[in-house]
Structure formats: structure tokens, C-alpha cells
Amino acid sequence: MKHWLFKSEPEQFSIDDLRQSPGQTAHWDGIRNYQARNLIRDEIKQGDMVLFYHSNASPPAVAGTAKVARAAYPDHTAWDPKSDYYDKKSKPDDPTWFMVDVTFVEKFDEPLTLPEMKEIKALADMMVIRKGMRLSIQPVTRKEFDAVVREARKKNRG
DNA sequence: GCCAACGTTGGC
DNA sequence: GCCAACGTTGGC
């Protein structure tokens, strides 16, 4: 089982939106970056664990966790001319873009913020800490995943 | 709103 | 294939 960090702007799709989705499960659509696509398509498997990160938030933060419910399948929003994510080069018989399904696992009522993460030694090598790191799907180590969850729970105990 | 860091596009 | 111009991401 691998561990990941998925970024989402909470105004677009938040941890609460995931929790309120039917079956607390939603498809992670709109990936339009090849590096992220390759991870989605080739590396992410059912059962993998996800840190749900709110980007473009004040402050940016890990808001909870989720689990991959379904491995990669074609992102149909690429075929919909009315979708913001429409991409005419993706064809149903040769899809360019893929998505996975994720299921809500846990919400941190007090999210673990980026400034806090930067202070945690165990997270010093996390990609999301680095300046200019725009990749929206990032691998994290099991140690990093566990440290984020541990620190977030500690913070929420007060 | 600013802007640094990246990714993509397209002329050559 | 190079690289300048442009567009996007996302922290601040």
C-alpha cells in the first residue's frame, strides 16, 4: 500500500464535500498534468491512503485523510465540451486523462497547516513543503503519512 | 493582488 | 530541439 497527498482547492472540492458525497466517495477528476496523470494511471492502487490537502486556502493545510476506492479509469470530463476540464485530444478509445475514486476516512477539525508542517522534523523532506512544488498528486512516505496523522490528532486533542 | 516557479506552446 | 512567450499554480 502506498501513500499520497492530493491537493484540492476547498472552494472547488473540500474534505467536507467528500464526506457529504454519496457513499462518502467521489471521483478525483480534472487532473490535467502529465506527471500527476502518470501517478494516477500507473502507481495509485485501490486501498492506497491519501492526505487530503487544501491548497489556495488560508492557511493551506492537510484537512483529513481518504482511501483510494477504485484505481485509474478514464476521466470522462475530458470528453465533455461543456466541462471546464474538456480536452479535445482525449478520445474515449484512447483516453489521455485518468481519475481514481476516493472515500472519506477522517477529517481533522483543526487541520494541520503548512506552516506547522514545516516545523515538524519528520516532514522535512515532504514535497509539499518545498517552494514552487505545484504537483497536485504527490507521493509521500509511510513515515510522512503517519507523522501527519499523528500530529494532526495531537493538535485536535488540544 | 503579487509574483516566483513551473509547465506548455509554438516559431524557428 | 531550442527557447521565448505565455498560462497556471499556489504561497504569501
Side-chain angles (χ1 to χ4, degrees), chain A residues 2-21 26-44 48-66 68 72-102 104-141 143-145 147-152 154-156:
Chain A
K2 291 182 181 173
H3 300 80
W4 308 94
L5 180 144
F6 285 17
K7 289 185 193 171
S8 181
E9 299 190 18
E11 306 232 328
Q12 296 278 350
F13 189 76
S14 71
I15 188 87
D16 287 323
D17 293 327
L18 178 61
R19 182 158 64 175
Q20 289 158 21
S21 296
H27 54 256
W28 202 270
D29 62 15
I31 297 294
R32 296 292 180 271
N33 166 283
Y34 286 100
Q35 207 177 339
R37 188 281 309 271
N38 292 346
L39 293 173
I40 286 268
R41 187 190 58 189
D42 304 332
E43 303 289 338
I44 299 180
D48 285 1
M49 293 300 298
V50 173
L51 297 173
F52 196 121
Y53 180 82
H54 283 171
S55 63
N56 246 316
S58 311
V62 174
T65 62
V68 176
Y73 59 105
D75 183 342
H76 54 74
T77 65
W79 308 328
D80 177 4
K82 293 189 292 295
S83 169
D84 287 344
Y85 300 123
Y86 177 63
D87 182 354
K88 63 180 182 327
K89 69 178 173 294
S90 184
K91 300 285 176 358
D93 59 356
D94 184 20
T96 305
W97 305 113
F98 292 80
M99 58 189 181
V100 296
D101 288 353
V102 295
F104 173 82
V105 173
E106 178 176 10
K107 178 187 176 182
F108 308 135
D109 289 319
E110 290 290 333
L112 189 66
T113 70
L114 183 60
E116 289 167 342
M117 292 167 71
K118 287 177 173 172
E119 297 299 318
I120 298 168
K121 280 209 177 63
L123 306 183
D125 294 330
M126 267 186 97
M127 292 177 80
V128 75
I129 301 300
R130 299 212 287 268
K131 188 180 182 194
M133 185 61 252
R134 307 193 322 191
L135 190 60
S136 61
I137 302 285
Q138 301 179 2
V140 302
T141 66
K143 281 185 177 176
E144 289 163 347
F145 185 94
V148 168
V149 171
R150 186 185 330 118
E151 295 293 331
K154 190 197 298 183
K155 180 180 178 183
N156 279 275

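Numbered from 1 within each chain, the chains take letters A, B, ... in sequence-line order.
- Under a cut-off of 6.0 angstrom, the local environment of CD in A:Q20 is crowded, with over 12 non-hydrogen atoms contributed by other residues, nucleotides or ligands.
- Between A:F145 and A:H3, the angle of the ring planes lies from 30° to 60°, which puts this pair in the tilted group.
- Considering A:M133, A:M117, A:E144 as possible partners of A:V128, the one that fulfils the side-chain contact (heavy atoms from CB on, under 4.5 Å) test is A:M117.
- Ring centroid separation for the pair A:Y86 and A:W97 does not come in under the 6.0 Å cut-off.
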task: Begin with the C-alpha distance, continue with both residues' side-chain angles, and end with the deciding distance and a verdict on side-chain hydrogen bond (donor to acceptor under 3.5 Å, both in side chains) for A:D101 and A:Y73.
output: CA-CA 9 Å; A:D101 288 353; A:Y73 59 105; 2.4 Å; yes

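- Chain A approaches DNA chain B over the interval B:dA4 to B:dT8, counting the first and last nucleotide 5' to 3' with an atom under 4.0 Å from its heavy atoms.
- Crowding of A:N38 atom CG: a count of heavy atoms from other residues, nucleotides or ligands under 6.0 Å exceeding 12.
- At the heavy-atom level, A:Q35 lies under 4.0 Å from the strands shown only through sugar-phosphate atoms.
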- request: Report the C-alpha distance between A:D87 and A:R32 in whole Å, list the side-chain angles of each, state the deciding distance to 0.1 Å, and finish with yes or no for salt bridge (Lys or Arg N to Asp or Glu O under 4.0 Å).
  value: CA-CA 9 Å; A:D87 182 354; A:R32 296 292 180 271; 5.1 Å; no

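- Contact check of residues 83-92 of chain A against DNA chain B (heavy atom, cut-off under 4.0 Å) returns no residues at all.
- Residue-to-nucleotide proximity on DNA chain B shows that, of A:N56 and A:G132, the 5′-proximal contact is made by A:N56.
- Taking the six-membered ring for Trp and the full ring otherwise, A:F52 and A:W28 have centroids separated by under 6.0 Å.
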